[in-house]
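The sequence lines fix the lettering, A, B, ..., with proteins before strands; numbering per chain opens at 1. The analysis underlying the following values was restricted to heavy atoms, covering all of them including side chains, and did not include hydrogens, waters or symmetry mates.
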2 protein chains.
Amino acid sequence: MRADAQRNAEKLRAAAAELFQERGLKVPLKEIARRAGVSHGTLYNLFGTREALIDEVVTGLAADRLDEAAEHALSFEDPREGFAYYIEKVCELQATDPAVADVVSGRYPAAECLMAICGRAQEAATRIIERAQLAGAIRPDFTSEDLLLFFVTNALLARAAADTAPDAWRRQVAFLLEGLDTGPAQGALAVAPLTPQQVYDVMGRLAGTP
Amino acid sequence: MRADAQRNAEKLRAAAAELFQERGLKVPLKEIARRAGVSHGTLYNLFGTREALIDEVVTGLAADRLDEAAEHALSFEDPREGFAYYIEKVCELQATDPAVADVVSGRYPAAECLMAICGRAQEAATRIIERAQLAGAIRPDFTSEDLLLFFVTNALLARAAADTAPDAWRRQVAFLLEGLDTGPAQGALAVAPLTPQQVYDVMGRLAGTP
DNA sequence: AAGTAAGTTGACCCAAGGGTCAAGAACTGT
DNA sequence: ACAGTTCTTGACCCTTGGGTCAACTTACTT
């Protein structure tokens, strides 16, 4: 690869990182090219697809923070606290950074590294949930699929509210946590948990807003 | 107005009603015209704006059902049951009919009748919430703004899940109800309620999916 | 039955966003 | 310093959706 191409790729990565964090993974590619100061043709030439660009850029942005949240959640002595920490932390990351929000909720099947991150995050969530359930801290019928759906809707809410009520999502999180916490009244859920396939389908459509 | 124009307007209203219910208030106007069997020019000629069409068509679709839900909720002896009924019923309407979902969550400020419906629904919600709170049935810091935001995210979820997991939203509703129900552990919310203005802004952006 | 007003049509404009590619510019190795 | 390769550019094409309007058609009136 020629030196100037290398430089352009770097400029594009930088611009993409900025814009992804500012406005999510769906920013127009032409705008990324504009900010990088190159033609959009060059972007297509060097990366080919949005997914490839995402893969090179977003991994570093999101993976560490999500992993760290999971790790820290599991380091709590009290599983209930760890669980609450994890949910709040992930939602906060989503609210703070649209790129993270899209990593958690958007679906970009062609972005391999990104999908790997999602996989790891989901596994971590499952462990955190199960730990809390074994301790009897939260209702036993809550699943990691439920949590994912909640994250997706939370991401939409957080982004929509970012300018006007940047903490709106915290209320919804609080209601959820209250609802999950084992308490006296605890009826069984009338609806079966979703399958991973269902969640996959659902998220695809929630992400693209038709 | 000439007789043929009258007929066309009627065809357009019928087509719009169908498509609004099938796919929400954002269906392309040209598609409505296509289904009505007229040119899109005629649609613009007869109605001018999407809002005008919505106003003529959606009122009948949504108002009765929403009013009825509120009325029935207030007819429960137990305010707690009435509250739960209302939330579930509205969410169910949203899940069943994208037009209702958009009425509750979308913002079409130029559609007067529609905004009137929204206003009435919100007032009803406030009464239902306050009644439950006076009875000590639900946490006192839950507001009708919280409920609206919940409805909006619920609508997105329900629509996204419609084909794959049409009951997914019921789980989230159940978690919410559990969280609102007065129980032993009941910490104060760390975040202040939103103002109506904030809710107004937020919803505008949640509706248009950028 | 003809004249006129009213209504309809579809080609046309716009913008945003995705994507391609021939022509030209710019590196690099010798 | 020049040939040869690689890279960049921006004009171009596509689509979807909103919106307009001159020319045509249709219905009503007398």
In Å and rounded to the nearest 0.5 Å, what is the OG1 to NZ distance from A:T96 to A:K89? 7.5 Å
Look at the side chain of [X] against the base of [N] and say whether a donor-acceptor pair falls under 3.5 Å; ignore hydrogens and angles.
X	N	value
B:T42	C:dG7	no
B:K26	D:dG17	no
A:H40	C:dG19	yes

Proximity to the side chain of [X] - top-ranked nucleotide from [options]:
X	options	answer
A:R2	C:dG7, D:dT5, D:dG19	D:dT5
A:Y44	C:dG19, D:dC7, D:dC28	C:dG19
A:L29	D:dT8, C:dG19, C:dT8	C:dG19
A:D4	C:dT9, C:dC27, D:dT9	C:dC27

Which comes earlier along DNA chain D counting from the 5' end, the contact point of B:K30 or that of A:A5, where each point is its nearest nucleotide? A:A5
By nearest-heavy-atom nucleotide on DNA chain D, the more 5' of B:R7 and B:P28 is B:P28
Distance check needed: [N] [atom2] versus [X] [atom1], whole Å only.
X	N	atom1	atom2	result
B:K11	C:dT9	NZ	C1'	13 Å
A:M1	D:dT8	CE	P	7 Å
A:R34	C:dG18	CZ	C1'	14 Å
B:N8	D:dT26	CG	P	12 Å
B:E51	D:dG18	CD	C1'	12 Å
B:L25	D:dG18	CG	P	13 Å
A:L43	C:dG17	CG	C1'	13 Å
A:I32	C:dA16	CD1	P	17 Å

Ionic contact status for [Y] with [X], cut-off 4.0 Å:
X	Y	answer
A:E92	A:R170	yes
A:E145	B:R171	no
A:R120	A:D67	yes

Over 60° means perpendicular and under 30° means parallel, so classify the ring planes of B:F83 and B:F142, tilted if in between. perpendicular
Need one value for B:N45: base, sugar-phosphate or nothing, where a base atom within 4.0 Å counts as base even if backbone is also close, heavy atoms only. base
